[in-house]
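Values reported hereafter were calculated over all heavy atoms of this structure, with side chains retained and with hydrogens, waters and symmetry mates removed.
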Amino acid sequence: MGNSVQILTDKITLIASPTTWVEGLAIQQLRHTAALAGMVKVAGMPDLHPGRGYPIGAAFFSQGCIYPALVGNDIGCGMGFWQTSLPLAKVKIDKLARRLVDLEGPLGAPWAELVAQGKARLGIDNAHFDQALGTIGGGNHFAEFQAVDCLHDAGAFPGDPSRLLLLVHSGSRGLGQAILARHLVEHGHEALAADTPAFGTYLAQHDEAVRWAELNRELIARRFLAAIRAEGQCLFDLNHNLVSPYSLAGQAGWLHRKGATPADQGLVVIPGSRGDYSYLVQPKADAKALHSLAHGAGRKWQRGECKSRLSHKYRREDLVRTRFGSQVICADKTLLFDEAPQAYKDCHSVVDDLVQAGLVQLVARLKPVVTFKTQGGCAG
DNA sequence: ATGTGC
């Protein structure tokens, strides 16, 4: 267990075995961020990789202040995990994929009442980004149908493992972006002291974006369920990009999760790339990783360098099917390369680091069936 | 990541 818990300094813990590949720049960013004023404790996850100034795949505990720029633009980004009513025995991959049409534009009139209900239920007043509610967005966001491939702990599985599953990864779209942009104009990257009016302003907007992102994932899931003519229920929904109140050793402060899944809210899914397994795991109560876990396999290659690395070797046709026979729907060629399985670490090695660190127990291994990115991409 | 450019 000690083998995958690296104590870098008295402030910084890295959950990764010595053989897990972590880019030097990411460690540099981790150290840099840990040195910011008010930063008390930092935990890097085995999916740690470089971001824009701040690393992705880490949790940061501060006291007296927060760093909105560290949370970043995609406030509330996370994973919604659903069980559909469709028995796996009835699933035909091509037929399922063919039903995934008209899932990217605004939801439109038939959904207006559900959208209004959802906004009321979650206390969302902002209406400027209503057109984006129910849309996945770009980058590493996706909606993926999955199947249980291997059940490690049948008793801990939260639903019926013989049904098709749906994992939704998305966030607050333009809303989070607008909130950060507005904040940066006035305050830049500086610490935001907890006793200032600007803190209250930011946090109220941040919290609304977190709720907006949750509603977005719910609407995406319902939209995909409607497309495949199935019912479904949410098994859990978790944010991996946010700042929230947290206590460490009895000391109150703030926990920034920057691509770090909470370990204190029940079961979580750690998704691999579209050509890899994902893992349903049961977190164990443990503060050494700041009650946080990896939020995915983590990038091995930077976005943007993937196309040049892969385009000589693979054509579009090679990338829209995976080794599992699962189908990939992604009309944006750049995105098709940027999110290729080769660009990500092996998810099992990342999850194994968490197991070795005593942070999680395996519940099930999941495999992709259909991964939806976008139908209407024009770039590339 | 992004109402994703001039």
Side-chain angles (χ1 to χ4, degrees), chain A residues 25-26 29 33 47-58 60 67-80 103-108 115 124 126-144 168-185 189 202 205-206 208-210 212-217 219-220 238-243 256-261 271 273-274 295-299 301-307 330-340 343-344 372-380:
Chain A
L25 177 59
Q29 291 179 337
T33 310
D47 62 332
L48 188 79
H49 59 280
R52 287 197 168 182
Y54 310 99
I56 298 157
F60 304 87
Y67 289 89
L70 173 57
V71 174
N73 61 323
D74 200 3
I75 302 163
C77 184
M79 301 277 174
L103 293 163
E104 294 182 86
L107 280 169
V115 170
I124 297 165
N126 191 302
H128 289 110
F129 297 89
D130 282 5
Q131 296 295 300
L133 272 171
T135 63
I136 294 172
N140 58 357
H141 291 171
F142 61 79
E144 182 172 274
V168 176
H169 179 200
S170 189
S172 55
R173 311 285 276 108
L175 175 58
Q177 158 85 352
I179 291 167
L180 178 64
R182 206 178 311 144
H183 179 82
L184 288 178
V185 166
H189 285 240
Y202 171 78
Q205 293 174 354
H206 163 285
E208 187 175 49
V210 167
W212 194 102
E214 284 169 9
L215 178 59
N216 189 34
R217 287 188 291 273
L219 291 168
I220 291 166
L238 296 167
N239 299 294
H240 55 227
N241 231 49
L242 77 168
V243 59
H256 307 68
R257 287 191 172 102
K258 175 75 169 173
T261 294
S273 76
R274 68 192 187 213
H295 78 311
R299 294 198 80 88
W301 298 345
Q302 300 269 31
R303 186 171 279 131
E305 69 174 284
C306 303
K307 201 171 170 183
C330 181
D332 181 327
K333 205 173 169 190
T334 303
L335 200 49
L336 189 65
F337 283 100
D338 277 352
E339 298 300 312
Y344 283 85
F372 185 99
K373 297 289 289 182
T374 175
Q375 251 151 4
C378 54

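- For A/Asp338 and B/dT4, the CG to P distance is 19 Å, given to the nearest whole Å.
- Nucleic acid contact for A/Gly176: none, since no nucleic acid atom lies under 4.0 Å from a heavy atom of the residue.
- Counting only distance, with no hydrogens or angles, the side chain of A/His256 and the backbone of A/Val71 share no donor-acceptor pair below 3.5 Å.
- Rounding to whole angstrom units, CD1 of residue A/Ile136 and P of B/dT4 are separated by 19 Å.
- If you measure from atom CG of A/Asp74 to atom P of B/dT2, you get 6 Å, rounded to the nearest angstrom.
- Taking atom CG of A/Leu180 as the reference point, atom P of B/dT4 lies 16 Å away to the nearest angstrom.
- Listed by chain and residue number, A/Gln146, A/Thr371 satisfy the side-chain hydrogen bond (donor to acceptor under 3.5 Å, both in side chains) test with A/Glu144 (two or more places apart in sequence, or in another chain).
- Residue A/Arg173 is classed as a sugar-phosphate contact, given heavy-atom separations below 4.0 Å to backbone atoms only.
- One atom, NZ of A/Lys333, and another, P of B/dT4, lie 24 Å apart when rounded to the nearest Å.
- Remark: C1' of B/dT2 and CG of A/Leu184 are 13 Å apart, rounded to the nearest angstrom.
- Within the 4.0 angstrom heavy-atom criterion, base atoms lie near A/His128.
- Ring pair A/His295/A/His240 is perpendicular by interplanar angle, where above 60° counts as perpendicular and below 30° as parallel.
- Residue A/Gly139 is in sugar-phosphate contact alone, with no base atom involved, counting any heavy-atom pair closer than 4.0 Å across all strands shown.
- Residues forming a side-chain contact (heavy atoms from CB on, under 4.5 Å) with A/Ala209 (at least two apart in sequence, or on another chain): A/Ile75, A/Ser172, A/Leu175, A/Ile179.
- Regarding A/Arg182, its CZ atom lies at a distance of 15 Å from the C1' atom of B/dT2, rounded to whole Å.
- When rounded to the nearest whole Å, the span between CG of A/Leu175 and P of B/dT4 equals 15 Å.
- If you check every strand for non-hydrogen atoms under 4.0 Å, A/Gly51 touches nothing.
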